[in-house]
Q: 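Structure in structure tokens, see below.
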Amino acid sequence: GFDKINDTKKKTFYDKIARLHTLRLLMKFERLKDIHGLEHVIDLNKQKNKVLDYGCGTSDLGLVAASKGCNVTICDLNDEKFDFSRWRYERNSFKVETIPINNPMKLPELKENSFDIILVADVMKQVINPIEHLILFYNALRPGGLLFCNQGIPQNNNPSDTVGKRFSHWSITDQLN
């Protein structure tokens, strides 16, 4: 795991992640809005939520959920970034369950009715079949569960932005009943 990597390699990897985070901020992704929205949703529900951070990346939102007392499961490609995410939870003394994706062409298995909240940030624009993923999430959510989905499309009003046009309807935070 990430904890067994020497300090020089950790610094190099952390520097790469910091660069990606800075680029994300420079590209005007609205992570702060996501954090406030997620905190509000968690605060509304007085029970301890079970949260899936799907396509977690460095798991910024998952860590917010864990800091609010939620039981978090992270799911992403099984690589160094996934190890880094797991390490971030350990470093903050948060328990985390993991679902590593070893084959990106195959959907991971998620238990039905097992999550109160599924976080999907900046993921749907990268998957081959978004509808299959939405069905997967719908089945994994408990009744009344919440799909917290944001595509992180930069604030760009350029009409020639085909990515923005194609995925603007995915920029949702909506409850599935």
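Residues: numbered from 1 along the sequence shown.
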Q: Using atom types as modelled and distance alone, determine if a side-chain donor or acceptor of D79 lies under 3.5 Å from a backbone N or O of K81.
A: yes
Q: Would you compute the distance between atom CG of L61 and atom CG of L119 and round it to the nearest 0.5 angstrom?
A: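 Rounded to the nearest 0.5 Å, the CG-CG separation comes to 5.5 Å.
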Q: Please report the interatomic distance CG(L136) to CD1(I131), rounded to the nearest 0.5 Å.
A: 12.5 Å
Q: A side-chain contact here means heavy atoms from C-beta on lying under 4.5 Å apart; do F137 and V120 qualify?
A: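 In contact.
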Q: One pair to check against side-chain contact (heavy atoms from CB on, under 4.5 Å): F94 and V72. What are the steps and the verdict?
A: CA-CA 9 Å; F94 295 135; V72 177; over 6 Å; no
Q: Would a distance-only check, ignoring hydrogens and angles, find a side-chain to backbone donor-acceptor pair under 3.5 Å from T73 to L52?
A: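 Side chain of T73 to backbone of L52, a donor-acceptor pair under 3.5 Å: no, none is there.
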Q: Begin from the C-alpha positions of D60 and R88 and carry the test salt bridge (charged side-chain N to carboxylate O under 4.0 Å, His left out) through to its verdict.
A: CA-CA 10 Å; D60 297 335; R88 289 181 75 197; 3.1 Å; yes
Q: Under 4.5 Å between any side-chain heavy atoms of E90 and V96, yes or no?
A: no
Q: Apply salt bridge (Lys or Arg N to Asp or Glu O under 4.0 Å) to K68 and list each qualifying residue two or more places apart in sequence or on a separate chain.
A: D43
Q: Sequence neighbours left out, what pairs pass side chain to side chain donor-acceptor pair (under 3.5 Å) with at least one residue falling in residues 101-115?
A: N78-N102
Q: Does the side chain of C70 come within less than 4.5 Å of I42's, by heavy atoms?
A: yes
Q: Looking only at heavy atoms, which two atoms of A140 and I118 are closest? And how far apart?
A: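 Where A140 meets I118 most closely, the heavy atoms are CB-CD1, 4.0 Å.
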Q: Looking only at heavy atoms, what is the nearest atom pair of G55 and D76, with distance?
A: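 Taking G55 first and D76 second, the nearest heavy atoms are C-OD2, 3.3 Å.
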Q: What's the separation between atom CG in N129 and atom CE in M105, rounded to the nearest 0.5 Å?
A: 10.5 Å
Q: Mind checking the CG-CG spacing from N49 to L146? Nearest 0.5 Å is all I need.
A: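 If I round to the nearest 0.5 Å, the distance is 9.0 Å.
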Q: What I'd like to find out is whether the side chain of K95 reaches to under 4.5 Å of the side chain of N71, using heavy atoms alone.
A: no
Q: List the steps, then state whether side-chain contact (heavy atoms from CB on, under 4.5 Å) holds for F82 with L77.
A: CA-CA 7 Å; F82 194 62; L77 297 174; over 6 Å; no
Q: Test side-chain contact (heavy atoms from CB on, under 4.5 Å) on Y54 and I101; report intermediate values, then the result.
A: CA-CA 10 Å; Y54 187 87; I101 299 174; 4.1 Å; yes
Q: When rounded to the nearest 0.5 angstrom, what distance separates CD in Q126 from NE2 in H133?
A: 10.0 Å
Q: Can you name the side chain to side chain donor-acceptor pair (under 3.5 Å) partners of S59, sequence neighbours left out?
A: D53, Y89
